[in-house]
Amino acid sequence: MPLHVPPAPAPALRSVLAALGSPTAVHEAHTPALRALQGPMTAELPLPVHVLDRLQLSNLAAGGRPPRTRLTGWRFLIRSGDRYVAAADTRLTPDGWAFSHFFEGPYVAATERALHQAESLGKSYQPRLLSVPELYMLTLWLHGAVGADASAGLPADEDVLVPLAPAPPGIAAHRPHLVSELLPVLTHRLTPAAAPPSLAAPAA
């Protein structure tokens with residue numbers, strides 16, 4: 001099924017395109033692959049980046065309401081030729097959306113892989129990224145309401161989360177989980193007294 005990639009705010013896209021067209025911004029980026037490129041580059045697959053913090057998970061563990069995330073930025077994958085070589089993040093400032101930084105590394109390839117996985121799941125989704133900073137964890141969040149406002153942050157039980165590599169110990173990267181399955185595991189990870197259940201892939 002095709003993914004319904006939400007449209008990014010126009011100022012966010014413009015800020016990334018301006019940075020790509022700036023030799024200074026590209027040269028100062030900590031991205032050797034990006035600096036080495038000579039041909040044209042494009043910013044594609046805008047994904048809203050949501051954060052799920054400790055307080056929200058703690059409320060869920062205490063039997064509270066479902067956790068609400070907050071939108072912190074938009075991420076674009078940077079394509080050169082037939083491959084993605086880096087990513088660009090934007091952030092919300094008092095003056096609106098602005099370019100933040102370029103980066104490369106395992107999350108770029110992991111995001112691309114997870115998006116391909118999502119296309120084969122047999123259902124339409126709106127793709128997002130969900131970060132859990134306390135666990136150093138990033139997931140592809142597949143939201144079932146494909147026409148929803150991308151800034152609205154309320155994961156539904158039937159939404160799917162795909163942990164990106166590298167994932168925290170005991171959680172298998174690129175194994176899709178329902179929100180109702182994965183979030184309780186994450187709440188246990190933040191509760192020292194609890195023995196965290198494992199979602200590692202079974203041994204071959």
Side-chain angles (χ1 to χ4, degrees), residues 1-20 29 31 33-34 41-53 67-80 83-93 96-121 123-133 135-156 158-167 173-179 182-183:
M1 289 285 185
L3 295 177
H4 294 257
V5 179
L13 176 58
R14 285 198 299 268
S15 72
V16 170
L17 295 178
L20 280 176
T31 50
L34 197 63
M41 294 174 284
T42 56
E44 302 178 2
L45 294 174
L47 297 172
V49 181
H50 288 254
V51 168
L52 185 61
D53 59 28
R68 183 174 295 277
T69 67
R70 55 187 173 86
L71 179 70
T72 60
W74 282 81
R75 177 168 296 175
F76 298 78
L77 295 185
I78 306 302
R79 179 188 287 275
S80 174
R83 63 192 183 99
Y84 293 108
V85 296
D89 275 356
T90 63
R91 58 188 176 87
L92 190 59
T93 72
W97 289 101
F99 171 74
S100 175
H101 62 279
F102 293 115
F103 70 94
E104 59 186 49
Y107 279 141
V108 175
T111 300
E112 182 181 7
R113 175 181 170 182
L115 288 168
H116 286 309
Q117 280 184 271
E119 291 174 341
S120 66
L121 291 180
K123 184 178 177 181
S124 295
Y125 290 104
Q126 181 192 89
R128 306 173 173 190
L129 292 172
L130 180 63
S131 171
V132 187
L135 298 178
Y136 302 98
M137 182 178 182
L138 184 65
T139 73
L140 179 66
W141 170 13
L142 300 174
H143 192 43
V146 297
D149 180 351
S151 66
L154 189 62
E158 63 273 16
D159 287 354
V160 174
L161 298 176
V162 183
L164 302 185
H174 297 288
R175 179 180 171 185
H177 301 281
L178 292 175
V179 162
L182 185 58
L183 286 191

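- With contacts defined as side-chain heavy-atom distances shorter than 4.5 Å, the pair Val85/Glu104 does not qualify.
- Not one N or O on the side chain of Glu158 forms a donor-acceptor pair closer than 3.5 Å with the backbone of Gly144.
- Residues Leu77 and Ala87 come closest through the heavy atom pair CD2-CB, 4.1 Å.
- Side-chain atoms of His50 come within 3.5 Å of backbone N or O of Ala150 as a donor-acceptor pair.
- Considering all non-hydrogen atoms of both residues, Leu3 and Ala118 come closest at CD2-CB, 3.8 Å.
- How far CH2 of Trp141 is from CG of Leu47: 12.5 Å, rounded to the nearest 0.5 Å.
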Is there a side-chain contact (heavy atoms from CB on, under 4.5 Å) between Phe102 and Leu20? Walk through the geometry before answering. CA-CA 9 Å; Phe102 293 115; Leu20 280 176; 3.7 Å; yes

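- Contacts of Phe76 classified as ring pair (Phe, Tyr, Trp, His ring centres under 6.0 Å), with partners at least two apart in sequence or in another chain: none.
- Put simply, the side chain of Val5 reaches to within 4.5 Å of the side chain of Leu45, judged on heavy atoms.
- A distance of 8.0 Å separates CG of Leu138 from CG of Leu130, quoted to the nearest 0.5 Å.
- The two residues Thr90 and Phe99 make their nearest non-hydrogen contact at CG2-CA, 4.2 Å.
- In this structure, the side chains of Leu71 and Val49 stay at 4.5 Å or more apart for every pair of heavy atoms.
- Considering only heavy atoms from C-beta on, Pro6 comes within 4.5 Å of Trp74 through its side chain.
- Ring geometry for Phe103 against His101 counts as tilted: the plane angle lies between 30° and 60°, on a 0 to 90° scale.
- A distance of 5.5 Å separates CG of Leu129 from OG1 of Thr111, quoted to the nearest 0.5 Å.
- At distances below 3.5 Å, not a single donor-acceptor pair connects side-chain atoms of Glu44 with backbone N or O atoms of Arg79.
- The two residues Arg128 and Gly153 have their closest heavy-atom pair at NH1-CA, 4.4 Å.
- Atom CZ in Arg113 sits 4.5 Å away from atom NE2 in His174 (nearest 0.5 Å).
- Contact annotation: the side chain of Leu142 approaches that of Leu140 to within less than 4.5 Å [non-hydrogen atoms, C-beta and beyond].
- A distance of 9.0 Å separates CZ of Arg75 from OH of Tyr107, quoted to the nearest 0.5 Å.
- Considering every non-hydrogen atom in both Gly147 and Gln126, the closest pair reads C-NE2, 4.5 Å.
- You'll find the side chain of Pro163 reaches within 4.5 Å of the side chain of His177, heavy atoms only.
- By the 4.5 Å heavy-atom criterion applied to side chains, Leu182 and Met137 are counted as neighbours.
- One finds the CG atom of Leu52 at 12.0 Å from the CZ atom of Arg68 (value rounded to the nearest 0.5 Å).
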side-chain contact (heavy atoms from CB on, under 4.5 Å) evaluation trace for Val108 with Ile78: CA-CA 9 Å; Val108 175; Ile78 306 302; over 6 Å; no

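- At a threshold of 4.5 Å between non-hydrogen side-chain atoms, the residues Leu13 and Pro46 do not count as touching.
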